[in-house]
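Per chain, numbering begins at 1; letters A, B, ... match sequence-line order. Hydrogens, waters and symmetry mates are skipped; everything else that's a heavy atom, side chains included, is used.
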Amino acid sequence: MMTAKEVNFRQRVEALVAHIPPKRVMSYGQIAALCGNARAARIVGGIAHYGDLSLPWHRVVHRDGKLARGYPGGINGHKQVLESEGVHVDGVYRIDIRALLWFPDERENRE
DNA sequence: CGAGTGACCGCAA
DNA sequence: ATTGCGGCCACTC
């Protein structure tokens, strides 16, 4: 019997996504890795679709910085949400992930 | 309960 | 730089 202490992968993903601060983004693979399975990047995407939609999934993008596809409202809506956060999105729906990629270890106070 | 699936990722032309 | 293909694993019906 599985130990009840062992929380589902989904539980960790949702918690992590919920802690992503504004103007910061994370990749699906990174989230998966921090949750214990670097290969479960696709699962994170699945959770985004079937999981809690109230979470800031708009702060989750591809490893290359490109925006995801199945976002509610389309990639176009995703772009606008990010810009609303203050994140610049170029014409190819790509962001400077190298600067915006966030790590949970970083101190929130950074200004 | 079983099989298919996917808001991905990495690597090869 | 872009395009395509395979693999990977938890989640859904």
Side-chain angles (χ1 to χ4, degrees):
Chain A
M1 153 165 195
M2 299 187 238
T3 55
K5 296 179 182 178
E6 197 71 28
V7 295
N8 290 342
F9 185 81
R10 169 178 177 174
Q11 184 84 31
R12 300 183 184 179
V13 173
E14 291 180 345
L16 183 56
V17 172
H19 283 101
I20 301 176
K23 292 191 178 181
R24 291 291 194 188
V25 298
M26 291 185 73
S27 67
Y28 296 91
Q30 183 184 9
I31 293 170
L34 293 174
C35 289
N37 287 333
R39 302 173 189 177
R42 306 186 70 172
I43 314 306
V44 177
I47 294 169
H49 186 80
Y50 296 105
D52 189 345
L53 300 179
S54 65
L55 294 172
W57 290 110
H58 60 272
R59 295 176 189 157
V60 184
V61 297
H62 288 184
R63 196 63 177 77
D64 297 339
K66 287 283 191 68
L67 303 186
R69 304 191 197 178
Y71 190 83
I75 190 172
N76 199 323
H78 192 168
K79 176 182 177 183
Q80 293 191 9
V81 176
L82 286 174
E83 288 186 341
S84 179
E85 297 266 295
V87 179
H88 175 69
V89 182
D90 61 18
V92 296
Y93 299 100
R94 188 169 63 189
I95 65 175
D96 187 355
I97 191 169
R98 300 230 288 160
L100 298 176
L101 190 62
W102 178 72
F103 294 87
D105 293 342
E106 289 187 17
R107 305 278 176 94
E108 296 180 6
N109 294 343
R110 190 69 183 309
E111 307 204 20

Can any side-chain N or O of A:Arg12 pair as donor or acceptor with the backbone N or O of A:Cys35 at less than 3.5 Å? yes
Contact list please: residues 35-43 of chain A against DNA chain C, heavy atoms, distance less than 4.0 Å, in numerical order. A:Asn37, A:Arg39, A:Arg42, A:Ile43
Round to a whole Å and report the spacing from NE2 of A:His62 to P of B:dG10. 12 Å
Check for a donor-acceptor pair, side chain of A:Trp102 on one end and backbone N or O of A:Arg59 on the other, with a separation under 3.5 Å. no
Does anyone know the first and last nucleotide of DNA chain C in reach of chain A, 5' to 3', at under 4.0 angstrom to a heavy atom? C:dG7 to C:dT12
Round to a whole Å and report the spacing from CG of A:Leu82 to C1' of B:dA7. 13 Å
Can any side-chain N or O of A:His19 pair as donor or acceptor with the backbone N or O of A:Ala15 at less than 3.5 Å? yes
A:Val92 and A:Lys66: CA distance, side-chain angles, deciding distance, side chain to side chain contact (heavy atoms under 4.5 Å, CB included) verdict: CA-CA 8 Å; A:Val92 296; A:Lys66 287 283 191 68; 4.3 Å; yes
Expected output: side-chain A:Asn8 to main-chain A:Gln11 donor-acceptor under 3.5 Å: no
When we call it a touch if two heavy atoms are under 4.0 Å apart, what does A:Tyr71 touch: a base, just sugar-phosphate, or nothing? base
Under 4.0 angstrom between A:His49 side-chain N/O and B:dG6 OP1 or OP2: no
Steps toward side chain to side chain contact (heavy atoms under 4.5 Å, CB included) verdict (A:Asn37, A:Ile43): CA-CA 10 Å; A:Asn37 287 333; A:Ile43 314 306; over 6 Å; no
Please name the residue in the list A:Val89, A:Asn76, A:Val60 that meets the side chain to side chain contact (heavy atoms under 4.5 Å, CB included) test with A:Leu67. A:Val89
Just the rounded figure in Å: distance from P of B:dG10 to CD of A:Gln30. 11 Å
What is the separation between atom CG on A:Leu34 and atom P on B:dC9, rounded to the nearest whole Å? 13 Å
Taking atom types as they are modelled, is there a donor-acceptor pair under 3.5 Å from the base of B:dA7 to the side chain of A:Tyr28? yes
Name the orientation class of the two ring planes belonging to A:His78 and A:Tyr71 (parallel below 30°, tilted from 30 to 60°, perpendicular beyond 60°). parallel
Identified side chain to side chain contact (heavy atoms under 4.5 Å, CB included) partner of A:Met26 from the options A:Leu34, A:Leu100, A:Ile97: A:Leu34
Between A:Gly46 and A:Val92, name the one whose nearest nucleotide on DNA chain C is closer to the 5' end. A:Val92
For A:Ile47 and B:dA7, give me the distance from atom CD1 to atom C1', rounded to whole Å. 11 Å
Send over the distance from A:Lys66 NZ to B:dC9 P, rounded to a whole Å. 12 Å
A:Arg10 CZ to B:dG6 P, in whole Å, measures 17 Å
